[in-house]
Structures are given as C-alpha cells and as structure tokens.
Colleague: 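Supplied in structure tokens, the structure appears directly below.
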Amino acid sequence: QVQLVESGGGLVQAGGSLRLSCAASGRSFSISGTGWFRQAPGKEREFVAGITWSGGTTYYSDSVKGRFTISRDSAKTTVYLQMNSLKPEDTAVYYCAAKRTFVDSGNYLDPLRYGYWGQGTQVTVSS
C-alpha cells in the first residue's frame, strides 16, 4: 500500500503563487508516476499535471501550461506542483494520485488510471 499526503494549499490573491507537495510513504517504490487533479464545486475532477517517475516526463493540461510546473525530488518520494500566476478559476480541491507499476498503465489524464489517491488540499484564489 501507498499513502499520499498533500500539503501547501491555502488562500492566495490572483496573480500569486503556491507550491503543493505530495509525500508518498509505504511501498512508494511500486509507483510508476504521479498526477495532480483538481475538483471545483459542481464540476468533475480534472487533470492538471503528471510526471513519470522513471524519466521525469511531464504532462500538463492546456489550462495550466506555462503557469504550473510539476517536479519530483531525487528520492522519488515527494512530488511538487508549483503554481504561478494563479487565477480565480484555479480554485479547487487539489488531489495527488499515483500510478501502480504494471497495473495503472496508460493515459495520465484519466483519473481511472491511478490506484492511489490523497485526501486533497484546498486552493482558493481570490480576485
């Protein structure tokens, strides 16, 4: 089993920055990649960014490309989401998710392709 714990959310003004962290514990060696998703009230959960753990390939949604950066530490136990130039429409609960090696293959954008999820952290951007 893998446990994912997000941190770093909060309230920020439009144009500001936040950095989210996702710490993995347990059988973290069984993870092949990590993604960030977000869900605003009344909306479906949407993909934000993803990163492979082997080569560090990154993926971004069009809505955050150029503003958000996903990265991981060298020990591959923590993944970060640096969020710059935040907009009110970025307000949501942000979730960290991890792919199980050999099990959760395929599309990083699909939330069904992740076997582990964190509890989420609230990000609120005021105008």
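Keep in mind it's a predicted model, so treat the numbers as computed, not measured. Side chains included, hydrogens not; waters and symmetry mates left out as well; all remaining heavy atoms used.
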Colleague: I'd like to know if Trp117 and Val123 are part of one continuous hydrophobic network [Ile/Leu/Val/Met/Phe/Trp/Tyr, side-chain heavy atoms within less than 4.5 Å].
Modeller: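 No, no single cluster joins them.
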
Colleague: Treating Ile, Leu, Val, Met, Phe, Trp and Tyr as nodes and any side-chain heavy-atom pair under 4.5 angstrom as an edge, say whether Val93 and Val12 lie in one connected cluster.
Modeller: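 As far as the 4.5 Å side-chain criterion goes, Val12 and Val93 are not connected within one cluster.
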
Colleague: So do Ile51 and Trp36 actually touch side chain to side chain, heavy atoms under 4.5 Å?
Modeller: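 They are not in contact (no side-chain heavy atoms under 4.5 Å apart), so the answer is no.
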
Colleague: Check whether Tyr80 forms a cation-pi arrangement with Arg19 (NZ or CZ under 6.0 Å from the six-membered ring centre, at most 45° off the ring normal).
Modeller: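 The answer is yes; both the distance and angle limits are met.
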
Colleague: What I'd like to find out is whether the side chain of Met83 reaches to under 4.5 Å of the side chain of Leu20, using heavy atoms alone.
Modeller: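 Contact flag for Met83/Leu20 side chains = yes.
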
Colleague: Measure the shortest side-chain to side-chain distance between Asp110 and Phe47 over non-hydrogen atoms and say whether it is less than 4.5 angstrom.
Modeller: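 No - every pair of side-chain heavy atoms lies 4.5 Å or more apart.
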
Colleague: Looking at side-chain heavy atoms only, is the closest gap between Ser61 and Phe68 below 4.5 Å?
Modeller: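 No, every pair of side-chain atoms sits at 4.5 Å or beyond.
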
Colleague: Any non-hydrogen side-chain atom of Ser30 less than 4.5 Å from a side-chain atom of Arg100?
Modeller: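 A side-chain contact is absent here, since even the closest heavy-atom pair is not under 4.5 Å.
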
Colleague: Are Tyr116 and Asp104 packed together at the side-chain level, in the sense that at least one heavy-atom pair is separated by less than 4.5 angstrom?
Modeller: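 With C-beta onward as the side chain, the pair stays apart.
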
Colleague: Answer yes or no: is there a donor N or O on one side and an acceptor on the other, between the side chain of Glu6 and the main chain of Gln119, under 3.5 Å?
Modeller: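 Confirmed, Glu6 side chain pairs with Gln119 backbone.
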
Colleague: Do Phe37 and Tyr114 have their ring centres less than 6.0 Å from each other?
Modeller: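 Ring centroids of Phe37 and Tyr114 are less than 6.0 Å from each other.
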
Colleague: Lys99 side chain to Ser32 main-chain N or O, any donor-acceptor pair under 3.5 Å?
Modeller: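 Between the backbone of Ser32 and the side chain of Lys99 there is no qualifying donor-acceptor contact (under 3.5 Å).
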
Colleague: In Å, rounded to the nearest 0.5 Å, how long is the span from CG of Leu18 to CG of Leu11?
Modeller: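 Going from the CG atom of Leu18 to the CG atom of Leu11 covers 8.5 Å.
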
Colleague: Run Tyr95 and Gln39 through side chain to side chain contact (heavy atoms under 4.5 Å, CB included) and show every step you take.
Modeller: CA-CA 8 Å; Tyr95 296 92; Gln39 188 166 19; 4.2 Å; yes

Colleague: With rounding to the nearest 0.5 angstrom, report the OG1 to CG distance, Thr78 to Leu4.
Modeller: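 Between atom OG1 of Thr78 and atom CG of Leu4 there are 10.5 Å.
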
Colleague: Test side chain to side chain contact (heavy atoms under 4.5 Å, CB included) on Thr101 and Trp53; report intermediate values, then the result.
Modeller: CA-CA 10 Å; Thr101 304; Trp53 281 36; over 6 Å; no

Colleague: Taking the side chain as every heavy atom from C-beta outward, state whether Tyr108 and Thr52 have any pair of such atoms under 4.5 Å apart.
Modeller: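 A side-chain contact exists here, since the closest heavy-atom pair is under 4.5 Å.
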
Colleague: Per the side-chain hydrogen bond (donor to acceptor under 3.5 Å, both in side chains) rule, what does the pair list look like for residues 83-92, sequence neighbours excluded?
Modeller: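 Counting only pairs at least two positions apart or across chains, the side-chain hydrogen bond (donor to acceptor under 3.5 Å, both in side chains) contacts touching residues 83-92 are Ser17-Asn84, Arg38-Asp90, Arg67-Asp90, Gln82-Asn84.
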
Colleague: Nearest heavy-atom pair of Ala24 and Val2: which atoms, and what distance?
Modeller: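 Minimum heavy-atom contact is CB-CG1, 4.4 Å.
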
Colleague: Under a 3.5 Å distance rule, please check whether Ser127 uses its side chain to pair with a backbone N or O of Pro88 as donor and acceptor.
Modeller: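 Not a single qualifying donor-acceptor pair exists.
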
